[in-house]
Q: 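This is the structure I have questions about; it appears just below.
A note on names: the letters A, B, ... follow the listed sequences, proteins ahead of strands, and every chain is numbered from 1. Values in this document were obtained by computation on a predicted structure and should not be read as measured data.
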Amino acid sequence: MTQAEDAVPPSVKSASNRDIARVFTDIATLLQARGDTIFKTRAYSRAADTIDNLQFELADAADDEDRLRAIPGFGDAIVSKVQELVRTGRLEFFEKLKAEMPAGILELTQVPGIGPKTAMRAAEGLGIHSREQLAASIESGQFEQLPRMGKKAAQNILRHLNTRMSQGERIAIGTALPEAERVMAALQAACPGIRNLTYAGSLRRHRETIGDVDMLCSADDPGAVMDAFSSLTAVRNIMAKGETKSMVVLDSGLQVDLRVVPDAAFAATLLYFTGSKEHGIRLRDRAINRGLSLNEYGATDTATGKTETFTSEEQIYQRLGLPYIPPELREDSGELAAAERGELPQLITLADVRGDLHSHTDWTDGRAYIEDMANAAKDAGFEYLAVTDHSKSATVANGLSVERLAEHNEAVRVLDNKLDGIHLLTGTEMDILIDGKMDYPDDALAELDIVLGSIHSYMDQDRATMTARIITAMQNENLDIIAHLTTRLIGKRAPVELDFDAICKAAVETGTVLEINASTQRLDLKDLHIRRAMDLGVIFSIGTDSHRMHQFVDARYGVGMARRGWCTPQRVINTLSHADFLRFVSTPKSGRYAFMDRYEHQS
DNA sequence: GCCGTTTTCGGCCCGACTGTTTTCAGTCG
């Protein structure tokens with residue numbers, strides 16, 4: 001459990017789950033193109049989905065055959081292929097399959113509207129092996145001659161080719177969520193008869209990136225909703241427009257799908273389109289065992305053929321003998337078993353977060369005065385705010401010298417006395433130096449209410465060195481929180497290499513807190529880290545890392561990650577009241593985990 | 001290829017939309 005998400009896959013010996021999942025997805029595509037049975041293809045594609053949601057790295061379990069066999073959908077063939085991939089970094093079966101198929105099948109199927117069958121016919125019949133050849137063939141009018149193809153279908157594919165989504169990019173949730181909210185507001189205004197308008201899909205599950213936005217609503221006149229939706233000013237392309245479902249691409253490149261259903265079907269449809277796909281499949285399996293067929297409209301009794309409808313998702317789960325499972329947990333990663341045992345966590349909510357422990361001002365690289373940031377934090381609903389400007393080694397960020405730090409503290413204290421409705425804490429986001437040492441002397445750190453430590457330099461250290469560096473830093477009594485542990489920037493910078501379990505163990509031993517950084521660029525720790533750290537007993541803070549006044553609302557993204565990591569409010573220090581928080585930081589580090597334990601038992 | 005308190009063989013989640021077809025294949029989610 002380390003990094004790897006955005007890193008270029010190395011040639012051998014470290015196939016990440018994502019690498020392995022991609023190979024299986026590709027195998028499924030090629031088998032389907034070749035005409036193999038759909039059930040065989042589905043076995044590979046289900047295995048890929050399962051791997052994507054796995055809570056541990058297959059590379060760490062490749063020698064443990066029992067553990068692999070215990071994974072649903074893993075039989076002889078899948079297990080041995082996983083082992084081969086982990087051990088050698090390649091898969092003979094896959095290489096042979098690719099070699100015997102026409103080139104370009106995998107690239108072509110990335111284009112919306114082109115599936116395995118069409119890709120195969122294009123490659124074999126027309127010698128099309130790339131995106132460029134496909135575009136040229138459509139423009140020449142040749143492509144539409146293919147069986148089951150035509151002028152209109154071909155032109156649609158060409159439009160897809162020219163949109164951002166055809167590149168297979170996913171959009172950060174920090175971009176997708178506000179955009180979805182704008183679309184919903186515009187649609188509601190244009191079509192007042194709409195009820196229950198909401199987003200579903202990976203956005204509702206709060207994944208860190210979103211492929212496209214699924215929306216749904218109920219209304220008496222679906223046609224009017226479809227018209228209003230496709231006429232929104234933000235719409236660039238209409239990809240599909242039916243009686244109850246339309247798909248559009250916005251000017252921003254974001255694809256939005258909207259479905260309209262009757263009120264009676266709304267809950268079932270919401271459940272269905274919130275996913276994840278795997279969670280939905282498990283629910284439908286469960287329904288079948290109870291003599292029900294679960295679909296977008298309700299549950300049909302397989303014996304009588306009568307369809308039962310529901311007014312809420314809660315009711316549907318109840319009908320299946322389960323408590324309500326929040327969307328963030330619906331990843332088929334143990335939530336159904338936990339629900340059955342009555343052991344679902346009471347997830348943290350945005351309302352639980354009472355303070356923000358990470359912010360910057362114009363003293364370093366922030367863009368607003370301390371006072372303005374404090375008022376913005378208050379407006380965002382926080383009771384307290386730690387002002388944590390950068391330390392002296394962060395020269396590009398105009399880091400504070402020891403002298404300026406003292407002035408900074410004074411300025412924060414003066415404002416704290418002056419302002420009503422928000423408490424200010426003195427602090428720093430201090431660089432952890434190359435060898436794990438602090439960037440300020442201990443006596444300067446001891447003056448502060450709160451000290452965050454961050455890696456901002458020498459990010460390419462090897463795993464062992466980086467791990468030791470961070471653990472060394474955690475051993476300092478003054479360092480309260482490790483901020484954005486892996487330093488990744490989503491889609492831009494790979495995470496540092498580190499031994500995450502060792503870091504968590506050290507955090508527990510030293511009484512150090514790990515930050516869940518809510519900045520939309522970071523989301524660091526991410527969901528899988530948080531889930532693992534929860535299991536290892538770690539306590540967290542949630543920080544917005546705000547540099548501008550409007551960024552305090554980003555706390556919701558941190559809460560979303562935390563919820564995906566099964567995190568409870570009792571494990572997050574800034575759910576404490578201001579008074580309790582002061583007690584927390586005045587407790588020696590060795591007593592802080594126990595402090596939160598007591599808090600957990602009280603509430 | 002996987003899987004089994006109905007099964008070790010015979011099943012495998014469900015439905016909308018599109019564009020092509022005279023009833024449906026392909027794609028998508």
Q: For B:dC13 versus B:dT8, give the span between their C1' atoms, rounded off to a whole number of Å.
A: 23 Å

Q: If you assign A:Lys241 and A:Tyr44 each to the DNA chain B nucleotide with the nearest heavy atom, which residue ends up on the more 5' nucleotide?
A: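 Closer to the 5' end of DNA chain B: A:Tyr44.
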
Q: Can you find a pair of side-chain heavy atoms, one from A:Ile173 and one from A:Ser202, that are under 4.5 Å apart?
A: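 The answer is no; the side chains never approach within 4.5 Å.
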
Q: Using the P atom on both, measure B:dC12 against B:dT18 and round to a whole Å.
A: 28 Å

Q: Tell me which of A:Ala77 and A:Ala240 sits closer to the 5' end of DNA chain B, going by the nucleotide each one is nearest to.
A: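 The answer here is A:Ala77.
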
Q: Take atom CG of A:Leu271 and atom C1' of B:dG29, then tell me their distance rounded to the nearest Å.
A: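 Going from A:Leu271 (CG) to B:dG29 (C1'), I get 14 Å.
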
Q: Starting at atom CG of A:Leu30, determine the distance to atom P of B:dG1, rounded to an integer number of angstrom.
A: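 Atom-to-atom, A:Leu30 to B:dG1, this comes out as 15 Å.
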
Q: In the 5'-to-3' direction, what one-character label does each nucleotide of nucleotides 3-14 of chain B receive under the scheme B = base within less than 4.0 Å of a protein heavy atom, S = sugar-phosphate only, - = no such atom?
A: S--------BBB

Q: Expressed as a whole number of angstroms, how long is the span from A:Met226:CE to B:dA16:P?
A: 14 Å

Q: If I take atom CZ in residue A:Arg259 and atom P in nucleotide B:dT18, what distance separates them, rounded to the nearest angstrom?
A: 12 Å

Q: Give the rounded distance in Å between these two atoms: CD of A:Gln145 and P of B:dT20.
A: 11 Å

Q: Under the salt bridge (Lys or Arg N to Asp or Glu O under 4.0 Å) criterion, do A:Asp332 and A:Arg282 qualify, and how do the steps go?
A: CA-CA 8 Å; A:Asp332 190 29; A:Arg282 299 263 177 259; 3.0 Å; yes

Q: Expressed in whole Å, how much space separates the C1' atoms belonging to B:dT23 and B:dG19?
A: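 Rounded to whole Å, the distance is 13 Å.
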
Q: For A:Cys191, which of A:Asp221, A:Asp227, A:Leu232, A:Val225 qualifies under side chain to side chain contact (heavy atoms under 4.5 Å, CB included)?
A: A:Val225

Q: Touch check for A:Lys151, heavy atoms < 4.0 angstrom, all strands: base, sugar-phosphate only, or nothing?
A: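 Touches sugar-phosphate only.
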
Q: May I have the step-by-step check of side chain to side chain donor-acceptor pair (under 3.5 Å) for A:Thr118 and A:Arg148, ending in yes or no?
A: CA-CA 9 Å; A:Thr118 309; A:Arg148 299 208 66 84; over 6 Å; no

Q: In whole angstroms, how far is the P atom of B:dG15 from the CG atom of A:Leu283?
A: 15 Å

Q: For A:Asp301, is there an ion pair with A:Lys306 - N to carboxylate O distance below 4.0 angstrom?
A: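 Salt bridge flag = no for A:Asp301 with A:Lys306.
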
Q: Looking only at side-chain N and O atoms, does A:Thr244 come under 4.0 Å of OP1 or OP2 in B:dC17?
A: yes

Q: Remember a base hit wins even if backbone is also touched, and classify A:Ser246 as base, sugar-phosphate or nothing at under 4.0 Å, heavy atoms.
A: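 Contact class for A:Ser246: none.
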
Q: Atom CG of A:Asp214 to atom P of B:dG15: distance rounded to whole Å?
A: 18 Å

Q: Considering only atom C1', compute the distance from B:dG26 to B:dT20 and round it to an integer number of Å.
A: 10 Å

Q: Produce a footprint string for nucleotides 21-28 of chain B: one letter per nucleotide, 5' end first; B if the base is under 4.0 Å from any protein heavy atom, S if only the sugar-phosphate is, - if neither.
A: ---BBSSS

Q: Between B:dC17 and B:dT21, how far is it from one C1' atom to the other, in whole Å?
A: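 Approximately 15 Å lies between the C1' atom of B:dC17 and that of B:dT21.
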
Q: Does B:dT8 have a Watson-Crick or wobble mate here (both distances under 3.5 Å), and if so which one?
A: none

Q: Taking the six-membered ring of A:Phe310 (Phe, Tyr or Trp), confirm whether the NZ or CZ of A:Arg319 is under 6.0 Å from its centre and within 45° of its axis.
A: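 Negative - A:Arg319 is either too far from the ring of A:Phe310 or too far off its axis.
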
Q: Taking NZ, NE, NH1 and NH2 as the nitrogens, is one of them in A:Lys151 or A:Glu144 under 4.0 Å from a carboxylate oxygen of the other?
A: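 A salt bridge links A:Lys151 with A:Glu144.
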
Q: Between A:Lys245 and A:Asp257, does at least one N-O distance fall below 4.0 Å, as a salt bridge requires?
A: no

Q: Can you tell if the side chain of A:Ile348 reaches within under 4.5 Å of the side chain of A:Ile542, non-hydrogen atoms only?
A: yes

Q: If the glycosidic angle is within 90 degrees of 0 it's syn, otherwise anti, so just tell me which one B:dT6 is.
A: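 Base orientation: anti.
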
Q: Rounding to an integer number of angstrom, what distance separates B:dT6 and B:dC2 when you compare their P atoms?
A: 23 Å

Q: Looking only at heavy atoms, which two atoms of A:Phe143 and A:Ala154 are closest? And how far apart?
A: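 Heavy atoms of A:Phe143 and A:Ala154 come nearest at CD2-CB, 4.0 Å.
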
Q: Would you check if A:Thr50 and A:Ile71 make a side-chain contact, meaning some heavy-atom pair closer than 4.5 Å?
A: yes

Q: Taking any heavy-atom pair under 4.0 Å as a contact, classify A:Ile78: base, sugar-phosphate, or nothing.
A: sugar-phosphate

Q: Give the rounded distance in Å between these two atoms: CD of A:Gln155 and P of B:dG19.
A: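 So the CD-P distance, A:Gln155 to B:dG19, works out to 11 Å.
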
